[in-house]
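Remarks on the structure that follows.
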Amino acid sequence: MTPVCPFTKASRPDDASCKRPGENQNKQQTVNESKSQQDGAISPKCPFGYDSQTFKLGPLSCMICQALLFQCSKCMPCSHVYCKACISMFKDCPLCGADIEKIEDDLDLQSVVDRFIEGHARIKRSQVDSDKEGDKKRIIYEDVSVERGSFLMQQAMRALRANNIESAKSRLSVCAKDVREQLEMTGNTPELCSQLGAVFGMLGDCCRSTGDASSAISYFEESVNFLMKLPKDDLEITHTLSVSLNKIGDLKYYEGDLSAARSYYFQALDVRRNAINHHSAVPSQVIDVAISLAKVADVDKNLENEDKATANFQEAIKLLESLTINAEDVSLEQRRLSVLEFLNSQLGKK
């Protein structure tokens, strides 16, 4: 299943109805321009290049992780600035190649970045209509980057890909705070619960990557708590919920708490089984069920419940052997075969 940012309403990348990227963007731009002209409004533009269509690198971006600067650090003597975690991996400046003699904190620039986030990426400004006679256009004052939360999520994902974990956690924490505040005003709407569940899941991933299992479990549990409030007929929500449950199970497994691990694995299995009852024709969901069966069976095997383990392994094998996948879905077929090979090995089959 191709992941989709919960803060965007764009079509899924694997949606057959999608056009080519350039075609969609041009069409959307034309529609937006036409709408602005009809409303007599001036579309806001960000002076730093962070607009609603693209996420370009700007003067406040780190050239290494390509996210907004975090813990700004200046290379000496060349004075180029990067995130502290990013530049600590280099002996020479990545931009100019100069030897790095020392690294200094750039508190002034970090203050600018922090103010930029507060004023540009978080606050939704209300519309202001001019009362002056003769004014034919009104200027809409609003968030001039992207929809609330999406900008911070994008920056966090960039930092996470570059292994700048603290930067990602910082942006995600701000994002979670924003969504919480919105929840207090509007209540537990499906959209906000989905967004907060996704953010907590990413925060859990950040903590897990640093070895902080306790905090990771707490974040994953919060993710589950919000995702449980949503209808289970949405494939993306179902997948995210089951993944969070499995990640808690994994952490409990590594801690040696096999009973707790089995409980979480079984909850994930239950969610995925219910999903294929509503979407039985989706191969990725069937493979997910087989993986959950394998996780439960593995714990049963370690708990010396051999009969239960064998039954779950056999059920998973039966599901995968009866699954038909389109010839063009090469990666999905490879995944099916890989899981099937593991299951057969667990039963001692060649």
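Remember, predicted model here, so these are calculated numbers, not experimental data.
- Counting heavy atoms from C-beta on, the side chains of Ser214 and Asp212 come closer than 4.5 Å.
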Would you check, one step at a time, whether the test side-chain contact (heavy atoms from CB on, under 4.5 Å) holds for Leu227 with Leu230?
-> CA-CA 6 Å; Leu227 293 173; Leu230 303 173; 4.0 Å; yes

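- For Phe266, the CZ atom sits in a loose shell: 12 or fewer heavy atoms of surrounding residues, nucleotides or ligands are nearer than 6.0 Å.
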Let me see the working for Tyr264 and Glu221 under side chain to side chain donor-acceptor pair (under 3.5 Å), right down to the final yes or no.
-> CA-CA 10 Å; Tyr264 283 107; Glu221 286 177 339; 3.2 Å; yes

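- Residues Lys229 and Thr189 form no side-chain contact, since every pair of their non-hydrogen atoms from C-beta on lies 4.5 Å or further apart.
- Atom CG in Asn225 sits 8.5 Å away from atom SG in Cys193 (nearest 0.5 Å).
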Salt bridge (Lys or Arg N to Asp or Glu O under 4.0 Å) between Asp270 and Arg273: does it pass, once the steps are laid out?
-> CA-CA 5 Å; Asp270 191 47; Arg273 273 178 167 159; over 6 Å; no

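- Across every non-hydrogen atom of Thr324 and Pro283, the tightest pair is O-CG, 4.4 Å.
- Listed for the Asp106 side chain is a donor-acceptor partner under 3.5 Å among the backbone atoms of Leu109.
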Show your reasoning for whether side-chain contact (heavy atoms from CB on, under 4.5 Å) applies to Leu203 and Phe200.
-> CA-CA 5 Å; Leu203 280 166; Phe200 281 138; 4.1 Å; yes

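- When all heavy atoms of Val199 and Cys175 are compared, the pair lying nearest together is CG2-SG, 4.0 Å.
- Taking the side chain as every heavy atom from C-beta outward, Pro94 and Tyr82 approach each other to under 4.5 Å.
- Panel note: side chain Thr310, backbone Asp307; no donor-acceptor pair is recorded below 3.5 Å.
- Under the side-chain hydrogen bond (donor to acceptor under 3.5 Å, both in side chains) criterion, Asp114 pairs with Gln110, sequence neighbours left out.
- A continuous path of hydrophobic side-chain contacts links Leu303 to Tyr254 [ILVMFWY only; heavy atoms under 4.5 Å].
- In Glu306, the CD atom is crowded: over 12 heavy atoms of neighbouring residues, nucleotides or ligands sit closer than 6.0 Å.
- Here SG of Cys206 is found 9.0 Å from OH of Tyr219. Values are rounded to the nearest 0.5 Å.
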Tell me, with the steps shown, if Asp288 and Val243 meet side-chain contact (heavy atoms from CB on, under 4.5 Å).
-> CA-CA 9 Å; Asp288 282 346; Val243 167; over 6 Å; no

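- In this structure, the side chains of Met76 and Ile100 stay at 4.5 Å or more apart for every pair of heavy atoms.
- Listed for the Arg208 side chain is no donor-acceptor partner under 3.5 Å among the backbone atoms of Ala216.
- The minimum heavy-atom distance linking Ile325 with Glu333 is given by the pair CD1-OE1, 3.6 Å.
- A distance of 8.5 Å separates CG in Leu95 from SG in Cys75, rounded to the nearest 0.5 Å.
- Around atom NZ of Lys318, no more than 12 heavy atoms belonging to other residues, nucleotides or ligands sit under 6.0 Å away.
- Linking ILVMFWY residues whenever their side-chain heavy atoms come closer than 4.5 Å, directly or via other members, leaves Met202 and Met228 in distinct clusters.
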Give the C-alpha distance, both sets of side-chain angles, the deciding distance and a yes or no for side-chain contact (heavy atoms from CB on, under 4.5 Å) between Ser345 and Leu347.
-> CA-CA 5 Å; Ser345 70; Leu347 287 178; over 6 Å; no

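- Nearest heavy-atom pair across Gln155 and Leu68 is OE1-N, 2.7 Å.
- Just one of Leu337, Val330, Leu332 meets the side-chain contact (heavy atoms from CB on, under 4.5 Å) condition when paired with Gln334; it is Val330.
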Salt bridge (Lys or Arg N to Asp or Glu O under 4.0 Å) between Lys102 and Glu104, worked out = CA-CA 7 Å; Lys102 64 177 180 177; Glu104 297 179 351; 3.0 Å; yes

Determine, stepwise, if the pair Glu222 / Arg180 fulfils salt bridge (Lys or Arg N to Asp or Glu O under 4.0 Å).
-> CA-CA 12 Å; Glu222 287 196 85; Arg180 277 190 184 277; 2.6 Å; yes

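- Residues Ile287 and Leu319 are not in side-chain contact: their nearest non-hydrogen atoms beyond the backbone lie 4.5 Å or more apart.
- Using a 4.5 Å heavy-atom threshold, the side chains of Lys301 and Gln346 count as touching.
- The OG atom of Ser263 sits 12.5 Å away from the CG atom of Leu258 when rounded to the nearest 0.5 Å.
- With values rounded to the nearest 0.5 angstrom, Leu196 atom CG is found 11.0 Å from Asp178 atom CG.
- Side chain of Asn305 to main chain of Lys308: no donor-acceptor pair is present (N/O by atom type, distance under 3.5 Å, no hydrogens or angles).
- A side-chain contact (heavy atoms from CB on, under 4.5 Å) with Leu320 holds for exactly one of Leu340, Asn344, Val289; it is Leu340.
- The minimum heavy-atom distance linking Ala316 with Ala290 is given by the pair CB-O, 3.7 Å.
- Under a 3.5 Å cut-off, the side chain of Thr240 and the backbone N or O of Glu236 do form a donor-acceptor pair.
- To the nearest 0.5 Å, the span separating NZ on Lys169 from CG on Asn164 amounts to 11.5 Å.
- Cluster annotation: Leu343 is connected to Ile276 through the hydrophobic network of ILVMFWY side chains, with a link wherever side-chain heavy atoms come within less than 4.5 Å.
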Passes side chain to side chain donor-acceptor pair (under 3.5 Å), Ser331 versus Arg335? Steps please.
-> CA-CA 6 Å; Ser331 59; Arg335 185 178 174 219; over 6 Å; no

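- Residues Phe313 and Leu269 are members of one and the same hydrophobic cluster, defined by side-chain heavy-atom contacts under 4.5 angstrom among Ile, Leu, Val, Met, Phe, Trp and Tyr.
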Side chain to side chain donor-acceptor pair (under 3.5 Å) between Asp298 and Tyr265, worked out | CA-CA 10 Å; Asp298 182 56; Tyr265 287 152; over 6 Å; no

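- For the pair Arg158 (side chain) and Gln66 (backbone), a donor-acceptor distance under 3.5 Å is present.
- In this structure, Thr210 contributes its side chain and Cys207 its backbone to a donor-acceptor pair below 3.5 Å.
- A donor-acceptor pair under 3.5 Å links the side-chain atoms of Ser242 to the main chain of Thr238, judged by distance alone.
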Asp108 vs Lys74, salt bridge (Lys or Arg N to Asp or Glu O under 4.0 Å): CA-CA, chis, key distance, verdict | CA-CA 11 Å; Asp108 291 337; Lys74 184 188 298 182; over 6 Å; no

Identify all side-chain donor-acceptor contacts of residues 85-92 below 3.5 Å with residues at least two apart in sequence or on another chain.
{"from": "Ser88", "atom 1": "OG", "to": "Lys84", "atom 2": "O", "distance (Å)": "3.4"}
{"from": "Ser88", "atom 1": "OG", "to": "Ala85", "atom 2": "O", "distance (Å)": "2.8"}

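- Looking at every heavy atom in both residues, His80 comes nearest to Cys93 through ND1-SG, 3.3 Å.
- In this structure the side chain of Val224 reaches within 4.5 angstrom of the side chain of Leu241, judged on heavy atoms.
- Cluster membership check: Phe70 does not share its hydrophobic cluster with Phe116, using side-chain heavy-atom separations under 4.5 Å among Ile, Leu, Val, Met, Phe, Trp and Tyr.
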